[in-house]
Amino acid sequence: MHPAAGGRPLFPPVVLTHLIKLACELPAAARRSLSLWTCAELARTLVRDQVVDSISPQTVQRLLSSSRLKPWRVHYWLSPKTPRAEEFYQRVEDLCELYTRALEPHERVLCVDEKTSLQPRPRTAPTKPAQPGGRPVRLEHEYARAGALNLLAAFDQRSGEVIGVLRPRKRQIEFIELLEELERRTPAHITVIHLVCDNVPTHHGKMVRAWLAAHPRFRFHFTPVHCSWTNQVEQWFSILQRKRLRFADFTDLPALETAVLAFIDEWNDIAHPFNWTRASFQKVLRPQNQKIKEAA
């Protein structure tokens, strides 16, 4: 529909109906070999199906915005093989209680996990710092392979202090080395050390169980499956990744280890806990709880 000369073309409601129908289906349903829709591909499909003679991607985006449709966006979700059992919510509730209640003077809470495959990636030319005149940091694209390390770390949930060791492998032996470091650096008046970690064999194998039998002040709290967000050390790992490992450029493995340990020391100078409350857990669990209520 063309208004007066110079005006913007108008499309009848049937065009919007076709557009919304396309956007609310995966591209395969419209015989298009695409992962996701874009405005340009939607416009091309409308023309192919003879819904319109021509339409611009900008017009498609404007029409979709009226229905708050963005089919190029993706939100990942997990469909459990079985509905979340009561045990799942009980374990999350136990962690919530551990994180938010007042601790006794003899208690300590440590969140433990591994950040694997840290690579030095030495560059074939030196990295150059930013310069006046709008010149950013310049990082050589080419790099060499030089092995990898694994960071085994513990985050003190109440103080924010981090204790870490770097090892070439990630086995029960290396995990026990971290436990021994935690044992050494925890004062004697602390008689209960709560360890939050995921339930993988490395954390509860035969060797680890034997070590725990000789060190009774350690008590493990395993996170539920697909619930790594409840382990606060993961939040600290994201800080490490953004601030120190985003652009890897280390000469070798010892240089990488030195840099990571230096970052831990600098963090501990300004360490702070993460502000988790009961509302933090309820915000995440509320949608799933609502589904259970509706099903009942």
Side-chain angles (χ1 to χ4, degrees), residues 1-84 88-89 92 130 133-142 224-230 234-235 237-239 241-243 245-248 274-296:
M1 299 174 64
H2 300 279
R8 176 181 293 176
L10 301 177
F11 294 95
V14 67
V15 174
L16 178 60
T17 302
H18 277 282
L19 174 60
I20 291 177
K21 179 180 182 298
L22 278 176
C24 290
E25 296 176 343
L26 295 177
R31 295 174 286 110
R32 294 300 311 276
S33 182
L34 300 168
S35 296
L36 297 171
W37 286 117
T38 64
C39 291
E41 295 296 346
L42 284 167
R44 187 173 293 112
T45 305
L46 288 174
V47 174
R48 183 203 68 178
D49 294 345
Q50 299 181 348
V51 177
V52 293
D53 293 331
S54 66
I55 187 170
S56 69
Q58 294 75 19
T59 299
V60 168
Q61 184 173 19
R62 185 171 63 254
L63 293 174
L64 290 177
S65 66
S66 65
S67 298
R68 300 181 63 185
L69 261 175
K70 297 180 179 180
W72 48 87
R73 295 185 60 190
V74 175
H75 180 82
Y76 287 90
W77 61 288
L78 176 68
S79 178
K81 296 179 181 178
T82 59
R84 298 299 189 197
F88 171 87
Y89 294 100
V92 173
R135 301 188 70 180
V137 173
R138 286 174 290 169
L139 181 73
E140 169 60 49
H141 182 271
E142 294 289 338
V225 178
H226 302 307
C227 215
S228 60
W229 61 270
T230 57
E234 299 291 350
Q235 189 172 347
F237 281 158
S238 70
I239 296 174
Q241 182 66 35
R242 293 194 309 270
K243 293 191 173 184
L245 302 176
R246 183 181 177 189
F247 301 111
F274 301 133
N275 184 27
W276 285 34
T277 64
R278 283 193 165 273
S280 305
F281 287 85
Q282 293 170 358
K283 181 179 180 180
V284 175
L285 295 177
R286 188 179 299 116
Q288 183 69 19
N289 287 331
Q290 184 63 35
K291 289 180 182 178
I292 292 177
K293 291 179 180 178
E294 291 175 354

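- To the nearest 0.5 angstrom, L64 atom CG is 8.0 Å from L16 atom CG.
- Residues passing the salt bridge (charged side-chain N to carboxylate O under 4.0 Å, His left out) test with K70: none are found, sequence neighbours excluded.
- In this structure, A23 and P71 approach most closely via the heavy-atom pair O-CB, 3.6 Å.
- Tested against C39, the residues T59, V60, L63, I55 include a single side-chain contact (heavy atoms from CB on, under 4.5 Å) partner, V60.
- The distance from atom CD of E41 to atom CZ of R48, rounded to the nearest 0.5 Å, is 10.5 Å.
- Note: L42 CG to R32 CZ = 9.0 Å, rounded to the nearest 0.5 Å.
- Counting heavy atoms from C-beta outward, I239 and F274 have side chains that approach closer than 4.5 Å.
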Report task. Kindly determine whether L22 and V51 satisfy side chain to side chain contact (heavy atoms under 4.5 Å, CB included), including the steps that lead there. Result -> CA-CA 12 Å; L22 278 176; V51 177; over 6 Å; no
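- Between W276 and W229 the shortest heavy-atom distance is CH2-O, 2.9 Å.
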Requested in this report: Start with the C-alpha distance between S238 and R242, add both sets of side-chain angles, then the distance that settles side chain to side chain contact (heavy atoms under 4.5 Å, CB included), and finish with yes or no.
Outcome: CA-CA 6 Å; S238 70; R242 293 194 309 270; 3.4 Å; yes
Query raised in the report: Hey, mind stepping through T277 and N275 against side chain to side chain contact (heavy atoms under 4.5 Å, CB included) and telling me if it holds?
Result: CA-CA 7 Å; T277 64; N275 184 27; 4.0 Å; yes
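- With a 4.5 Å cut-off on side-chain heavy atoms, V47 and V52 count as touching.
- Atom CZ of F237 and atom CG of L245 lie 10.5 Å apart (nearest 0.5 Å).
- Two residues are said to be in side-chain contact when any heavy atoms from C-beta on lie closer than 4.5 Å; L19 and S67 fail this criterion.
- Using a 4.5 Å cut-off on side-chain heavy atoms (C-beta onward), V92 and P224 make contact.
- To the nearest 0.5 Å, atom CD of residue Q61 and atom CH2 of residue W72 are 5.0 Å apart.
- Across all non-hydrogen atoms, the minimal contact from E25 to A29 is OE1-CB, 3.8 Å.
- The shortest heavy-atom contact between W37 and L26 is NE1-C, 4.0 Å.
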